[in-house]
Amino acid sequence: MSTRPPTLREKRRYLLVHIDPPGTIIDQKDLHYTISDATTSLWGDVVAAVITSAVVASEGQYFIIRCRRGTEQDLSVALSTITTCCGIPIALRMVAASGTINTLREKIQSLKTPDLKANPPRECTFDKKLFQINQCNGQKIDVIEKGFKNTNRLFLTREDLEEL
Amino acid sequence: MKITDACVYPYPCGDSSVRRMALEAKALGFDRLVAADTPSGESYGVEIYSGILIRETAVKDLASRIKRERNNAAVVSVQAGDNGFNRSVLNHKGVHILRGLHSSDKNAFDHVTAKIAADNRVAIDLDLSPLISGRGYSRQRVMHRYRDILVLERRYEFPITISSHARSILDMRAVREIAGLSSLIGMDTHDVEMAFFGVDIITTPPDPAVKVIL
């Protein structure tokens, strides 16, 4: 099949989204199905078919999502209704929109923070409970309670820990 | 006028500290948060208002509860009930916001309560969490209720506030995303702006009807 000339091709836009909380590992395919579900649930099959969203690339916490030009707003509203992916609580934060993937890849490079996994695991206390520091980025500190029960993630700041 | 999220629940109600929520709110474009059961203050350039939510209270206990909270300079909000309860709440001095109309019965807020809200400058809160996390019929019902409230708002011009009811930083949404979600219930840019400034409207005293010019 020969490629269509540029004037006959579908015009597309690409959205760069960041996944919160940091350190969450999400499969590209799982995210695609989650986005597809959210879009269909909010806008219905007809608009979802027009949007034709697809996850085209990922780099760490950043994902590039494709849609048809002119439907970026509809897709971004649908993205804001995503709260979980495969049972993992997440939030998709839209960073930028562009007509080319390359621009967004450059944007990712400018936004990338150093790998935080290199930090050794440390312990801290908060509200008289023992926690393990999971992520630490500037002022932001994510901790997980130590133990087998109630190992929920808490989102704190450096000031919260220093105060205690 | 400051862009305000009219209700968040920091730790211990939620999983994020109020400072972390303030840090996130700043990144998302907010200037102020109303945080439930948290002392007022400022964190990372974001103003934090103390919020008191009164729920499941009989009307007779409401007056004493509101009087107690009035001295704390907190934003006092009451969970909506049936029509009679809402009318009496809206007539109480010291109530700033009436919340949870999406989960109350369909006659809970009519043109009479709308008029009372406008006269007493009590805001009606639009909780966006059912739009974000709800699916199917439950979300459609909430959208329908909010559209109905907005019809009354256009007629009687009572204040509106928008809140995320976030219990975690993951539940918080950017200003632009909230504007997008609000467009689902028929709010245009001007309506969204006024709703973001709703807390300013209800916390600042109204202009006096008569001005003395010397």
Side-chain angles (χ1 to χ4, degrees), chain A residues 17-22 24 37-44 47 72-85 88-97 126-129 131 135 137-145 150-164, chain B residues 8-29 38 41-46 48 128-140 142-143 164-185 187 189 192:
Chain A
V17 295
H18 176 256
I19 287 204
D20 261 356
T24 314
D37 282 347
T39 314
T40 311
S41 169
L42 185 68
W43 298 111
V47 179
E72 306 92 275
Q73 183 62 33
D74 294 346
L75 181 61
S76 72
V77 174
L79 292 180
S80 65
T81 65
I82 292 172
T83 53
T84 55
C85 181
I88 304 164
I90 57 159
L92 294 178
R93 310 276 188 222
M94 208 177 119
V95 181
F126 176 72
D127 202 17
K128 294 173 190 164
K129 287 174 194 162
F131 289 91
Q135 288 283 330
N137 182 7
Q139 282 294 318
K140 298 174 184 177
I141 294 180
D142 300 355
V143 297
I144 293 176
E145 192 175 346
N150 304 323
T151 52
N152 292 330
R153 192 170 179 151
L154 290 189
F155 303 97
L156 309 172
T157 61
R158 231 171 251 281
E159 269 183 67
D160 290 318
L161 296 178
E162 280 166 8
E163 200 177 64
L164 297 160
Chain B
V8 294
Y9 296 95
Y11 185 84
C13 300
D15 65 8
S16 311
S17 71
V18 68
R19 288 196 184 100
R20 182 65 183 270
M21 280 190 151
L23 196 62
E24 200 71 23
K26 195 183 179 188
L28 297 173
T38 307
E42 196 179 314
S43 206
Y44 302 104
V46 174
I48 294 156
L128 292 183
S129 62
L131 295 185
I132 294 168
S133 55
R135 293 284 185 272
Y137 178 67
S138 63
R139 180 156 63 185
Q140 291 162 24
V142 173
M143 281 181 185
S164 65
H165 278 244
R167 288 176 186 274
S168 165
I169 55 159
L170 303 179
D171 298 335
M172 295 173 85
R173 293 290 178 267
V175 170
R176 191 189 292 245
E177 288 170 333
I178 287 180
L181 286 164
S182 304
S183 70
L184 298 174
I185 51 171
M187 290 175 86
T189 319
V192 177

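Side chains included, hydrogens not; waters and symmetry mates left out as well; all remaining heavy atoms used.
Side-chain contact, A/S76 with B/R176: no donor N or O sits under 3.5 Å from an acceptor N or O.
By number of non-hydrogen pairs under 4.5 angstrom with chain B, the leading residue of A/L42, A/I90, A/T83 is A/L42. Contact count versus chain A (heavy atoms, under 4.5 Å) is highest, among B/Q140, B/M21, B/R173, for B/R173. Ranked by heavy-atom pairs under 4.5 Å with chain B, the list A/T84, A/D142, A/L79 is led by A/D142. Across B/E177, B/R139, B/E24, the residue that shares the most heavy-atom pairs under 4.5 angstrom with chain A is B/R139. Contact count against chain B (heavy-atom pairs under 4.5 Å) is highest for A/L156 among A/D74, A/D37, A/L156.
Under the rule for a side-chain hydrogen bond (donor to acceptor under 3.5 Å, both in side chains), A/S80 has no partner lying at least two apart in sequence or in another chain. Here B/Y44 pairs with nothing under the ring pair (Phe, Tyr, Trp, His ring centres under 6.0 Å) rule; sequence neighbours left out.
Contacts between B/L28 and chain A at a heavy-atom distance below 4.5 Å involve the side chain alone, from C-beta outward. If you measure heavy-atom distances from B/L131 to chain A, the contacts under 4.5 Å come from the backbone alone. Of the atoms belonging to B/S168, it is side-chain heavy atoms, and not backbone ones, that fall under 4.5 Å from chain A. Using a 4.5 Å cut-off between heavy atoms, B/L170 contacts chain A through both its backbone and its side chain.
You'll find the side chain of A/R158 reaches within 4.5 Å of the side chain of A/I141, heavy atoms only.
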Side chain to side chain contact (heavy atoms under 4.5 Å, CB included) assessment of B/L181 paired with A/T81: CA-CA 9 Å; B/L181 286 164; A/T81 65; 3.9 Å; yes
